[in-house]
2 protein chains.
Amino acid sequence: MDATNSLEVIDALAEAESVDRLHTICAGVCQEHGFERFIYGARIPTSFVKPYFIFISGYPREWREHYTANNYMVIDPTVQYCAQNITPMAWDDDMLTGGRAEIRRFMSEARDFGINSGVSFPIHTSQGDFAMLSFASGKTGPQSRTCIQRVLPLGQLFTAYLHEAVRRVFDADVVALSKVDLTQREKECLLWATEGKTAWETSQILSIAERTVTFHLQNVQGKLGVNNRQQAVARAVSLGIIEPQFNQ
Amino acid sequence: MDATNSLEVIDALAEAESVDRLHTICAGVCQEHGFERFIYGARIPTSFVKPYFIFISGYPREWREHYTANNYMVIDPTVQYCAQNITPMAWDDDMLTGGRAEIRRFMSEARDFGINSGVSFPIHTSQGDFAMLSFASGKTGPQSRTCIQRVLPLGQLFTAYLHEAVRRVFDADVVALSKVDLTQREKECLLWATEGKTAWETSQILSIAERTVTFHLQNVQGKLGVNNRQQAVARAVSLGIIEPQFNQ
DNA sequence: GAACGTACTGTCAGATATTACAGGTACAGC
DNA sequence: GCTGTACCTGTAATATCTGACAGTACGTTC
């Protein structure tokens with residue numbers, strides 16, 4: 001990994017064809033910017049109750065296992081922040097003071113694995129993916145803040161390209177679920193369904209029979225593999241199949 | 001505007017309290033990186049059929065008016081790309097060759113207003129917002145490519161902070177719609193509704209009466225101001241009120 | 001103590017969705 | 001000419017949702 005120029009790492013991501021390769025590239029960027037650890041995680045909304053997770057971990061194995069076993073994702077303040085925001089979050093051991101007890105305990109345990117400070121970059125996609133990349137180090141105080149500030153501009157860009165690469169590499173896998181293609185009429189009927197229109201109302205809007213609207217929505221349910229209209233609507237919206245219009 | 005350091009512009013965005021101020025900051029960054037024009041646009045999904053749009057324009061007024069009058073958003077290749085992707089898009093007059101006729105005409109008309117090349121940064125949020133920032137110039141060839149490459153890292157970060165600032169500045173306005181808060185039970189019932197469960201099925205899962213599930217979902221409909229369950233589901237998902245879980 | 005929010009439950013009529021059956025036209029590619 | 005796809009329509013039984021009626025219980029705030 002020799003990437004003095006920012007764009008070389010970006011190109012490397014664009015060409016990567018395996019998870020191992022992505023891991024190597026991340027490790028390189030991590031090290032070059034003065035961090036010791038990195039971790040990338042993505043949540044793909046195949047289902048709301050049980051989404052699909054992808055991780056590329058440069059964290060200590062023991063910490064990862066402990067983290068998973070305790071379901072720390074629901075506590076981890078960086079995950080909570082990144083799930084809601086689009087700008088990076090810098091964090092350090094100041095978070096040991098203040099905040100809820102479980103968060104203090106979490107941060108304290110991370111510290112035992114040499115993770116004192118870092119920065120996390122969130123990514124959200126129109127397909128409903130949520131991903132984040134964290135760089136971490138054992139540094140504290142001004143020393144850590146300097147590293148964080150330096151990595152900010154590249155980090156945000158890098159995370160976007162990284163997630164794009166992950167989706168490409170995992171193409172054959174679960175990610176393909178969001179590639180259902182609906183016909184024009186199916187999309188139209190679904191769009192009006194998301195607007196709360198009944199089949200009859202939609203039939204008036206599209207000037208077709210109520211039965212035809214039902215027919216199209218049935219086909220949508222089949223294609224999306226769902227049980228009823230509300231689930232079809234939920235999945236279509238979360239997968240970005242139905243987007244807000246650009247008209248007016 | 002004196003922002004040799006990247007982070008100064010970021011801080012400036014974080015403190016900005018008016019659209020005019022945001023306009024000034026954008027214009028500064030634009031100029032410093034060798035571009036002549038910029039435009040920021042955001043789509044807030046208040047409704048799927050008629051979402052809310054926000055623009056901060058540093059484009060020629062005549063071009064903007066022409067663009068709006070012809071509803072060019074549905075043609076503009078940068079908008080189409082950014083709506084689907086998370087990485088920046090560089091564009092230049094090469095797009096005059098190839099592609100659909102209406103796109104060639106569009107690019108050709110933009111050229112008449114001194115817009116030959118540029119770069120567009122997309123942003124998607126967990127609340128379903130879609131925003132993009134474009135920097136444009138009259139330059140062509142290698143000269144334009146150099147400017148674009150230089151602005152890439154900061155641009156992605158800047159766009160994220162810009163959109164965050166826009167949401168803050170517009171807080172009192174339409175943006176506040178996504179701040180409906182539902183009770184725990186309401187969220188639970190809604191979550192299972194997005195999974196295609198009927199009221200009876202949800203009642204079995206939560207160990208309550210079917211009638212109670214209906215009751216909660218009715219309250220959700222009231223709070224979200226919608227007519228039926230599928231619209232409630234669509235809005236809750238698109239506003240990020242119901243997110244995929246982190247369990248397991 | 002009253003007012004309020006949250007959670008919970010019941011009945012019942014009418015509207016809407018789901019699922020089964022059945023059938024049709026138009027167009028593109030082989 | 002055959003095959004496949006998109007698009008369209010109808011009837012009918014059953015399941016589910018919607019909306020309006022009417023309540024109880026518990027905890028917090030004023």
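Convention: sequence-line order gives letters A, B, ...; per-chain numbering from 1.
Each of A/Phe215 and B/Asn228 has a nearest nucleotide on DNA chain D; the 5'-most of these lies closest to A/Phe215. Nearest-nucleotide mapping onto DNA chain C: of B/Gln230 and B/Glu186, the residue sitting toward the 5' end is B/Glu186.
When rounded to the nearest whole Å, the span between CD of B/Glu210 and C1' of C/dC8 equals 14 Å. As a whole-Å value, the separation of A/Lys197 NZ from C/dA17 P is 13 Å. For the pair B/Ile208 CD1 and D/dA25 P, the computed distance is 18 Å after rounding to whole Å. Between A/Leu217 atom CG and D/dC17 atom P there is a gap of 16 Å when expressed in whole angstrom units. Between the CZ atom of B/Arg229 and the P atom of C/dA15 there is a distance of 18 Å, given to the nearest Å. Rounded to a whole Å, the CD atom of A/Gln184 is 12 Å from the P atom of D/dA6. Residue A/Gln231 contributes atom CD, which lies 15 Å from atom C1' of C/dA17 at whole-angstrom precision. Atom CD in B/Gln218 sits about 15 Å away from atom P in C/dG10, given to the nearest Å.
Side-chain nitrogen and oxygen atoms of A/Gln221 include at least one within less than 4.0 Å of the OP1 or OP2 phosphate oxygen of C/dT18. Listed pair A/Thr183 / D/dC7 meets the phosphate criterion, a side-chain N or O lying under 4.0 Å from OP1 or OP2. Distances shorter than 4.0 Å separate none of the side-chain N or O atoms of A/Arg185 from OP1 or OP2 on D/dC7. For the pair B/Arg211 and C/dG10, the criterion of a side-chain N or O lying under 4.0 Å from OP1 or OP2 is not met. Between A/His216 and D/dC8, a side-chain N or O to OP1/OP2 separation shorter than 4.0 Å is present.
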Report task. Might you work through the side-chain contact (heavy atoms from CB on, under 4.5 Å) test for A/Tyr40 and A/His163, ending with a clear yes or no? Result -> CA-CA 9 Å; A/Tyr40 161 90; A/His163 182 65; 2.8 Å; yes
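Looking at heavy-atom distances under 4.0 Å, B/Thr212 makes contact with a base.
Without hydrogens or angle criteria, B/Gln80 side chain to B/Met73 main chain gives a donor-acceptor distance under 3.5 Å. Between the side chain of B/Asp92 and the backbone N or O of B/Thr140 there is no donor-acceptor pair closer than 3.5 Å.
When the nucleotides D/dT9, C/dT16, C/dT9 are ranked by their closest atom to the side chain of B/Ala209, C/dT9 comes out on top.
Seen from the ring of A/Tyr52, A/Arg43 does not count as a face-on cation partner, given the 6.0 Å and 45° thresholds.
Between B/Lys223 and B/Glu186 there is a salt bridge, since a side-chain N of the basic residue sits under 4.0 Å from a carboxylate O of the acidic one.
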